[in-house]
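From a predicted model like this one, the values you see are computed outputs, not experimental measurements.
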Amino acid sequence: MKSANTLSNPKTQLSVRNATVADIPQIADLSSRVYAGTGMHGYLEPVLIGQLNHFPEGQFVVVAGEKVIGYCATLRVREQVGMKQHTWESITGNGYASTHDPKGEWLYGMEVCVDPAYRGYRIGQRLYNARKQLAEKLELRGIMFVGRLPTLANRIKRFGTVEAYVEAVQKKQQRDLVLSFQLRNGFEFLGVMPHYLDADKQSLGYGIHMAWRNPKVSQAQETHKKKTYGSRLPDSVRVGSVQYKQRKVESFEEFIDIVRYFVDVVADYKGDFVVFPELFTLQLLSMESQELTPVQAIEALTKYTPQLKEALRDLSLRYNINIIGGSHPTRMPNGRVENICYVFLRDGTIHEQAKIHPTPNEAYWWNIEGGSELDVIQTDCGPIGVLICYDSEFPELARHLTDQGAQILFVPFCTDERQSYLRVRYCCQSRAVENQIYVVMSGNCGNLPNVANMDIQYAQSCILTPCDLPFARDGIAADTTPNTEMVAIADLRPETLLTARHSGTVQNLRDRRHDLYQVRWKGK
């Protein structure tokens, strides 16, 4: 079999750099190949997105030309966290790096994997060096991790105990591919951790706690150098939530003129995002001369999808603002109808987020089916998430987005009466508290008498925050008058959010019991 190694080509260059979002598919494939047959699994793409969003400086790849052949992931932890007994799930946030502490004094190594076809080129050495350079640059006390013992299962009978095996490796009486390499790289052995990763059958669940101490930093006391949590995020993100009034229109152009008005208003206020409600495009059905059956209505509406996308993308570019395009029923290539939120970024890109849970009415009357993918969207204001109305009532979804790094959650909604609205409102406030994120709600008011399911509306759009001292007293950054067309505008500060996560009165994300429960996404 021909080797997959490309270094025999003299034009192929080997380099180490920070990982990017574009590398994620290759990293996922690499990790799957590396862990095949071990009983463990490679990383899903949402997990890798979380690692990058939580600590972009700490994720490295080795590339041969354009091919990713090595990957390492890190996060920062405080000494009292990293030095005590822990599991891989608890210290890494189940792999998402959501436990990253921007004030942590130690760099924690959570992953190193190398393409088997490139062994012998010191790929692991290069990744370890990149970690050391990062620790020195950030003036951290050092690096710690818990390493594997992949040959332990085959040798435990000979040595009797894991401690005896480690001692033999330390005395160079026995060679271990991983531990011997780490000792040669200046890492000191701190102890054995049982049940560190029980899925690692080759290591019998054991992990070897190791540390490298930064010689450029005094080990006598902690270093408190202030670091920004991800230099890509702005100091403030201005958001405008449109409480949109449904009224009859005579043409698609008239509909877009109304949308343009609100985009223009929020852009004039230097907004970064303007948010529209769920199903606000049902207004287009008011052009019909007679009330359509639900099936006819959806068929008529889905025909506007190309025009809608073209028009909103153009508005986003012209007004230099990111548009959360509410939601629009869309006929998918496989024939399904899904309720899609189109997100138009001001660089011209378009993202889609399907509603995961159609309501019983949507499923019954309109045959709308739920999507199966839920990913953060990378924007110039940091990673965001979208949950459409009913989806906000499922806490696992918001947690999955938060684990990927989302700090602002947009919830376009459409509710007919106050109780329906309050279900969404209370759940959104809960999502803000339990995930320590901002949540932006945008709903419809007004009515369309000849359009099914749009005859009455109830909304009070709002911008919600966690409930803690740095935020608004009631956890509400801005809201609207119920059932009145208007815009709520607020400035959201990512740095304040991150400060609350790590030093707030309560620290919901940091205090999660990963040893007891977790959200494991089974979709893409």
Side-chain angles (χ1 to χ4, degrees), residues 239-242 244 246 249-267 271-288 297-356 358 362 366-381 384-389 391 410-414 440 442-444 451 454 524:
V239 175
S241 176
V242 178
Y244 190 89
Q246 294 288 336
V249 293
E250 300 296 333
S251 66
F252 181 82
E253 290 69 28
E254 182 182 351
F255 167 74
I256 291 300
D257 282 342
I258 299 171
V259 174
R260 179 184 292 108
Y261 168 79
F262 287 109
V263 172
D264 188 12
V265 166
V266 179
D272 295 295
F273 291 94
V274 57
V275 192
F276 289 92
E278 178 189 25
L279 298 175
F280 78 123
T281 59
L282 263 72
Q283 185 176 31
L284 294 168
L285 295 178
S286 67
M287 295 187 292
E288 303 294 330
I298 288 300
E299 281 302 319
L301 202 57
T302 57
K303 294 176 182 177
Y304 289 103
T305 302
Q307 286 176 270
L308 178 73
K309 292 170 68 175
E310 181 181 358
L312 293 189
R313 179 181 182 273
D314 183 67
L315 291 178
S316 179
L317 288 168
R318 288 182 183 275
Y319 289 91
N320 189 31
I321 192 169
N322 301 307
I323 299 176
I324 309 297
S327 76
H328 177 72
T330 301
R331 177 74 65 183
M332 306 305 290
N334 59 7
R336 293 160 50 101
V337 176
E338 296 185 5
N339 190 3
I340 304 287
C341 175
Y342 293 98
V343 177
F344 304 88
L345 301 185
R346 49 187 162 198
D347 65 1
T349 57
I350 303 176
H351 296 267
E352 300 179 9
Q353 178 57 62
K355 191 172 187 177
I356 305 297
E362 287 177 273
W366 292 337
N367 293 322
I368 287 179
E369 299 183 61
S372 57
E373 297 182 14
L374 184 65
D375 297 314
V376 294
I377 297 169
Q378 307 294 340
T379 77
D380 58 349
C381 298
I384 65 166
V386 175
L387 293 179
I388 302 173
C389 198
D391 284 345
F410 293 97
V411 181
F413 71 94
C414 180
V440 182
S442 174
N444 296 290
V451 177
M454 293 295 279
K524 182 178 177 182

_I'd like to check the side chain to side chain donor-acceptor pair (under 3.5 Å) partners of Y304; sequence neighbours left out, ordered by chain and number._
none
*Those residues that, when tested against D257, pass side chain to side chain donor-acceptor pair (under 3.5 Å) (two or more places apart)*: R260
_Would the distance check show the side chain of E278 and the main-chain N or O of I388 forming a donor-acceptor pair, the cut-off being under 3.5 Å?_
no
_From L315 atom CG to F344 atom CZ, the distance as rounded to the nearest 0.5 Å_ = 9.0 Å
_Exercise: identify the closest heavy-atom pair between C414 and C389_ = N-SG, 3.7 Å
*First locate atom CG of L284, then atom CD of Q307, and finally report the distance between them rounded to the nearest 0.5 Å.*
8.5 Å
*Is a side-chain donor or acceptor of S442 paired with a backbone partner of S241 at a separation under 3.5 angstrom?*
no
*Can you tell me how far NE2 of H328 sits from OG1 of T302, rounded to the nearest 0.5 angstrom?*
6.5 Å
*With sequence neighbours excluded, tell me which residues meet side chain to side chain donor-acceptor pair (under 3.5 Å) with D347.*
T349
_As an exercise, state the distance from CG of N322 to SG of C381, rounded to the nearest 0.5 Å._
6.0 Å
*What residues form a side chain to side chain contact (heavy atoms under 4.5 Å, CB included) with E310, not counting sequence neighbours?*
none
*asked:* Could you measure the distance from the CG atom of L374 to the CG atom of D391? Nearest 0.5 Å is fine.
replied: 7.5 Å
*asked:* Assess the residue pair F276 and Y342 against the criterion (ring-ring contact (aromatic ring centres under 6.0 Å, His included)); give the C-alpha distance rounded to whole Å, side-chain angles, the decisive distance to 0.1 Å, and a yes or no.
replied: CA-CA 10 Å; F276 289 92; Y342 293 98; over 10 Å; no
*Can you see which heavy atom on Q378 is nearest to which on L345, and at what distance?*
O-CD1, 3.4 Å
_Residues that S327 engages under side chain to side chain donor-acceptor pair (under 3.5 Å), provided they are two or more places apart_ = N339
*Return the set of residues passing side chain to side chain contact (heavy atoms under 4.5 Å, CB included) with E338 (not counting sequence neighbours), or none when no residue passes.*
M332, R336, I340, A354
*F262/Y319 aromatic ring centres below 6.0 Å*: no
*Can you tell me how far the CD atom of E352 sits from the CD1 atom of I377, to the nearest 0.5 Å?*
9.5 Å
